Student: 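Okay, handing you the structure first.
We count residues from 1, following the sequence as given. Quantities reported herein were computed from a predicted structural model and do not represent experimental measurements.
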Amino acid sequence: MRLLGIILAACLAQSVLAEPVKVNNVRIWAAPDSTRVVFDISAPVEHDVTMLTDPFRAVIDLENTDFKADNVAEPEGKDRYLQGVRTGVHQKDLRVVLDLKKFARTRIFQLPPNAHYGHRLVVDLSDREEQEAEPEIVREERKSQEPRDVVIAVDAGHGGEDPGALGPSGTYEKNVVYKLARKLVDMINKERGMRAVMIREGDYYLGLRQRIQKARRHRADLFISLHADAFRDPRVHGSSVYVLSQGGASSEHARWLAERENASDLIGGVNLDSKDNVLASVLLDLSQTASLEASIDVADRVLQGLGRVGKLHKRQVESAGFAVLKSPDIPSVLVETAYISNPDEERNLRSEHHQRKLAGAILDGLRTYFWERPPEGTLLAERGTQRKYVISRGDTLSGIAQRYRVSLQRLRHMNSLDSDTIRVGQVLAIPADG
């Protein structure tokens, strides 16, 4: 009987192993410099990929696979790499052909289930060598002697198949922070002497280090990453601003958030474990430069701005090991605008009016910082040499505003003042116009 049981168990195991893997969907995410094709599968699958020319195409064979052909997404016209997707059967295997518009480097890997998806087979199409060469070009451009705008890199967190946190009524973090980022970019670009760069320009996945690299290619003076995270308790609320910590997270709560953001690289298929030594070296370099000091300064200004339009989760700048803040040469801050897991804050985050208020509050903080500490060689630095005022005995804020013909509200915002109280010897930044 025992032998019979072993035989039956072996037969059952073989029948389970022989069950075909189901491909439930094929999704496509087109970024400006890459395209990601995602197969939603029921289990890990044996696969093989072959690149062919004349015309260019990637041929992917999936062993023992069951598939519904009507679940294939169509590439968009703006897709740089993908022309179309075809499916068929080849020697009992599923064959998927990616028709390409041009030659592309291909990377294929599998991902385990996470909070949002099941098993996935991912194919990335890109020109990796071209992307890696771009930072060198930017360093040469820095030699220009012409006064330039202050450049602010605005990063909308998550994107593509990494949706971020989910609100109680189904709002995706990636969508609301993208809209907020777009509004902030538009506001910054209306400021004299300031220019914004949108890091994620659509709904696609972008690796954390790719975000930093893009900011560096645009010679950014500041990197600001926008998020709207969730917590287990839906009552948790308020805005927070983070900078990179030197020794880890400043609290258990911050550590939990940091692990959550860093995990998006795992969602996208980049294993951070292999980069620990490099990142530790970057952290050491960062601690020896002024980048962290500048990050703390600008983060404090942004936090003050947010406090004027809503509730704060913490009244001081926090620090945590967010991977997206680990640029050694660009001051970087991460803004948790609100908790999307809180029903009231989710509702606010979906409001166009509230998004404009948040963007305006963040801009107030950025404006105040860069007016007081403009980078050398910028238009703001030239203007700033003539736009400072040292408080003397008998001065009032309203009197100074009248003297320079600027609005009292603008003067308060630029100097992060919550009231009209000033002190002798205090240095005020004066706006160029009202």
Student: Sub-3.5 Å donor-acceptor pair from the side chain of K101 to the main-chain atoms of D79, do we have one?
Tutor: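 At least one qualifying donor-acceptor pair exists.
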Student: Between the side chains of R403 and Y389, is a donor N or O closer than 3.5 angstrom to an acceptor N or O?
Tutor: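 A donor-acceptor contact under 3.5 Å links the two side chains.
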Student: Apply side chain to side chain donor-acceptor pair (under 3.5 Å) to N25 and list each qualifying residue two or more places apart in sequence or on a separate chain.
Tutor: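 Not a single residue meets the side chain to side chain donor-acceptor pair (under 3.5 Å) criterion with N25.
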Student: For K174, is there an ion pair with D203 - N to carboxylate O distance below 4.0 angstrom?
Tutor: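 Yes.
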Student: With sequence neighbours excluded, what pairs up with E74 under the salt bridge (Lys or Arg N to Asp or Glu O under 4.0 Å) test?
Tutor: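 Once residues adjacent in sequence are excluded, E74 has no partner under the salt bridge (Lys or Arg N to Asp or Glu O under 4.0 Å) criterion.
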Student: Is there a donor-acceptor pair closer than 3.5 Å between any side-chain N or O of Y204 and the backbone N or O of E201?
Tutor: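 At least one qualifying donor-acceptor pair exists.
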Student: Under the side chain to side chain donor-acceptor pair (under 3.5 Å) rule, collect the residues that match up with K357, sequence neighbours excluded.
Tutor: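 Partners of K357 by the side chain to side chain donor-acceptor pair (under 3.5 Å) criterion come out as none, since no residue qualifies.
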Student: Taking NZ, NE, NH1 and NH2 as the nitrogens, is one of them in D344 or R347 under 4.0 Å from a carboxylate oxygen of the other?
Tutor: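 Judged by the 4.0 Å cut-off on N to carboxylate O distance, D344 and R347 do form a salt bridge.
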Student: Any donor and acceptor pair, going by atom type alone, linking the side chain of K311 with main-chain N or O of G238 inside 3.5 Å?
Tutor: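 Absent.
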Student: Is atom CD of Q316 surrounded by more than 12 heavy atoms (other residues, nucleotides or ligands) closer than 6.0 Å?
Tutor: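 More than 12 within 6.0 Å, yes.
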Student: Distance check, rounded to the nearest 0.5 Å: I212 atom CD1 versus L206 atom CG?
Tutor: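 Nearest 0.5 Å value for the CD1-CG distance: 10.5 Å.
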Student: Using side-chain heavy atoms (C-beta onward) and a distance below 4.5 Å, is L428 in contact with L397?
Tutor: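 With C-beta onward as the side chain, the pair touches.
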Student: Sub-3.5 Å donor-acceptor pair from the side chain of R195 to the main-chain atoms of N189, do we have one?
Tutor: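 No; zero donor-acceptor contacts below 3.5 Å.
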Student: Once you round to the nearest 0.5 Å, how far does CG of L222 lie from OG of S295?
Tutor: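 One finds 7.5 Å between CG of L222 and OG of S295.
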Student: As a quick check of understanding, evaluate side-chain contact (heavy atoms from CB on, under 4.5 Å) for L166 and E173, giving each step before the final call.
Tutor: CA-CA 6 Å; L166 183 66; E173 177 186 3; over 6 Å; no
Student: Distance-only, no hydrogens or angles: does the H237 side chain make a donor-acceptor pair with backbone N or O of R235 under 3.5 Å?
Tutor: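 Yes, H237 side chain to R235 backbone: donor-acceptor pair under 3.5 Å.
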Student: Can you check whether P75 reaches T35 side chain to side chain, under 4.5 Å on heavy atoms?
Tutor: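 They are not in side-chain contact.
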Student: Between Q110 and L121, is there a donor-acceptor pair closer than 3.5 Å when you use the side chain of the first and the backbone of the second?
Tutor: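 No, because the side chain of Q110 does not come within donor-acceptor range (under 3.5 Å) of the backbone of L121.
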Student: Check the pair T87 / F67 against side-chain contact (heavy atoms from CB on, under 4.5 Å), numbers first and verdict last.
Tutor: CA-CA 9 Å; T87 61; F67 181 63; 3.5 Å; yes
Student: I'd like a table of donor-acceptor pairs (distance under 3.5 Å, sequence neighbours excluded) in which one partner is a side-chain atom from residues 296-310, with atom names and distances.
Tutor:
residue	atom	partner	partner atom	Å
D297	OD1	R301	NE	3.2
D297	OD1	R301	NH2	3.4
D297	OD2	R373	NE	3.1
D297	OD2	R373	NH1	3.2
D300	OD2	Q304	NE2	2.9
R301	NH1	E372	OE1	3.4
R301	NH2	E372	OE1	3.0

Student: Are the side chain of D99 and the backbone N or O of R57 linked by a donor-acceptor pair below 3.5 Å?
Tutor: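 Between the backbone of R57 and the side chain of D99 there is no qualifying donor-acceptor contact (under 3.5 Å).
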Student: Mind listing the closest non-hydrogen atom pair of I199 and A153 along with its distance?
Tutor: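 So the two residues come closest at CD1-CB, 3.8 Å.
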Student: Are a donor atom and an acceptor atom from the side chains of E346 and S169 found within less than 3.5 Å of each other?
Tutor: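 Result is yes, a qualifying pair exists.
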Student: Can you list the residues that meet the salt bridge (Lys or Arg N to Asp or Glu O under 4.0 Å) rule with R356, with sequence neighbours excluded?
Tutor: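 R356 satisfies salt bridge (Lys or Arg N to Asp or Glu O under 4.0 Å) with no residue once adjacent residues are dropped.
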Student: Look at the side chain of Q355 and the backbone N and O of L349, then say whether any donor-acceptor pair between them is shorter than 3.5 Å.
Tutor: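 Yes, because the side chain of Q355 sits within donor-acceptor range (under 3.5 Å) of the backbone of L349.
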Student: Under 3.5 Å, is there a donor-acceptor pair linking the side chains of R105 and S126?
Tutor: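 The criterion, which ignores hydrogens and geometry beyond distance, is not satisfied for S126 and R105.
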Student: Less than 4.5 Å apart, side chain to side chain, heavy atoms only: is that true for L184 and K179?
Tutor: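 Contact flag for L184/K179 side chains = no.
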Student: Check whether NZ of the Lys or CZ of the Arg R120 lies under 6.0 Å from the centre of the six-membered ring of F109 and within 45 degrees of that ring's axis.
Tutor: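 Not satisfied by the 6.0 Å and 45° rule.
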Student: Specify the closest pair of heavy atoms between I340 and A230, including all atoms of both residues, with the distance to one decimal.
Tutor: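 Looking at all heavy atoms of both residues, the closest pair is CG2-CB, 4.2 Å.
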Student: If you compare all heavy atoms of P147 against all heavy atoms of L379, which two are closest, and at what distance to 0.1 Å?
Tutor: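 Taking P147 first and L379 second, the nearest heavy atoms are CB-CD2, 3.6 Å.
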Student: What pair of heavy atoms forms the shortest contact from Y81 to A104, and how long is it?
Tutor: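 That would be CD2-CB, 3.7 Å.
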Student: Look up atom CD in E191 and atom CH2 in W371, then write down how far apart they are to the nearest 0.5 Å.
Tutor: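 That separation rounds to 9.0 Å.
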Student: With heavy-atom distances below 4.5 Å as the criterion, would you say the side chains of F39 and V45 are in contact?
Tutor: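 Result no, sub-4.5 Å side-chain heavy-atom pair not found.
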Student: Please report the interatomic distance CZ(R200) to NZ(K214), rounded to the nearest 0.5 Å.
Tutor: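 Reported to 0.5 Å precision, the distance equals 10.5 Å.
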Student: Please report the shortest heavy-atom distance between M198 and Y178, naming the atom on each side.
Tutor: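 Result for this residue pair: CE-CE1, 3.5 Å.
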Student: To the nearest 0.5 Å, what is the distance between CD1 on I391 and CD1 on I422?
Tutor: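 Reported value, rounded in 0.5 Å steps: 4.0 Å.
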Student: So L226 and D155, do their side chains get closer than 4.5 Å, heavy atoms only?
Tutor: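 In short, these two side chains do not touch, never coming nearer than 4.5 Å.
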Student: Would you say V197 and I152 make side-chain contact, with heavy atoms under 4.5 Å?
Tutor: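 Counting from C-beta outward, V197 and I152 never come under 4.5 Å.
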Student: Could you check I224 against V335 for side-chain contact (heavy atoms from CB on, under 4.5 Å), going step by step and ending with a plain yes or no?
Tutor: CA-CA 7 Å; I224 180 167; V335 179; 3.9 Å; yes
Student: Between K22 and D66, is there a side-chain N and carboxylate O pair less than 4.0 Å apart?
Tutor: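 The answer is no: the pair does not qualify as a salt bridge.
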Student: Within the supplied structure, the quantity of interest is the number of heavy atoms (other residues, nucleotides, ligands) at a distance under 6.0 Å from E76 CD; does it exceed 12?
Tutor: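 Not buried by this count: 12 neighbours or fewer within 6.0 Å.
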Student: Looking at every non-hydrogen atom in both residues, tell me the closest pair between A43 and H119 and how far apart they are.
Tutor: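 Looking at all heavy atoms of both residues, the closest pair is CA-CD2, 3.7 Å.
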Student: Quick one: does N342's side chain have a donor or acceptor within less than 3.5 Å of a partner on P234's backbone?
Tutor: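 At least one qualifying donor-acceptor pair exists.
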Student: Can you find a pair of side-chain heavy atoms, one from L366 and one from D364, that are under 4.5 Å apart?
Tutor: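 In short, these two side chains do not touch, never coming nearer than 4.5 Å.
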Student: With rounding to the nearest 0.5 Å, note down the distance linking NE2 in H158 to CG in D229.
Tutor: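 So the NE2 of H158 and the CG of D229 are separated by 6.0 Å.
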Student: Looking at A156, is its backbone amide N or carbonyl O close enough to the side chain of R211 to form a donor-acceptor pair, meaning the two atoms are under 3.5 Å apart?
Tutor: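 Pair found, side chain donor or acceptor close to backbone of A156.
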Student: Quick check: do V59 and V96 have side-chain heavy atoms less than 4.5 Å from each other?
Tutor: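 SC-SC contact between V59 and V96 ruled out.
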Student: What pairs with R412 under salt bridge (Lys or Arg N to Asp or Glu O under 4.0 Å), at least two apart in sequence or on another chain?
Tutor: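 In terms of salt bridge (Lys or Arg N to Asp or Glu O under 4.0 Å), with neighbours along the sequence ignored, R412 is linked to D420.
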Student: Between L98 and V123, does the side-chain contact (heavy atoms from CB on, under 4.5 Å) criterion hold? Intermediate values first, please.
Tutor: CA-CA 10 Å; L98 306 181; V123 182; 4.1 Å; yes
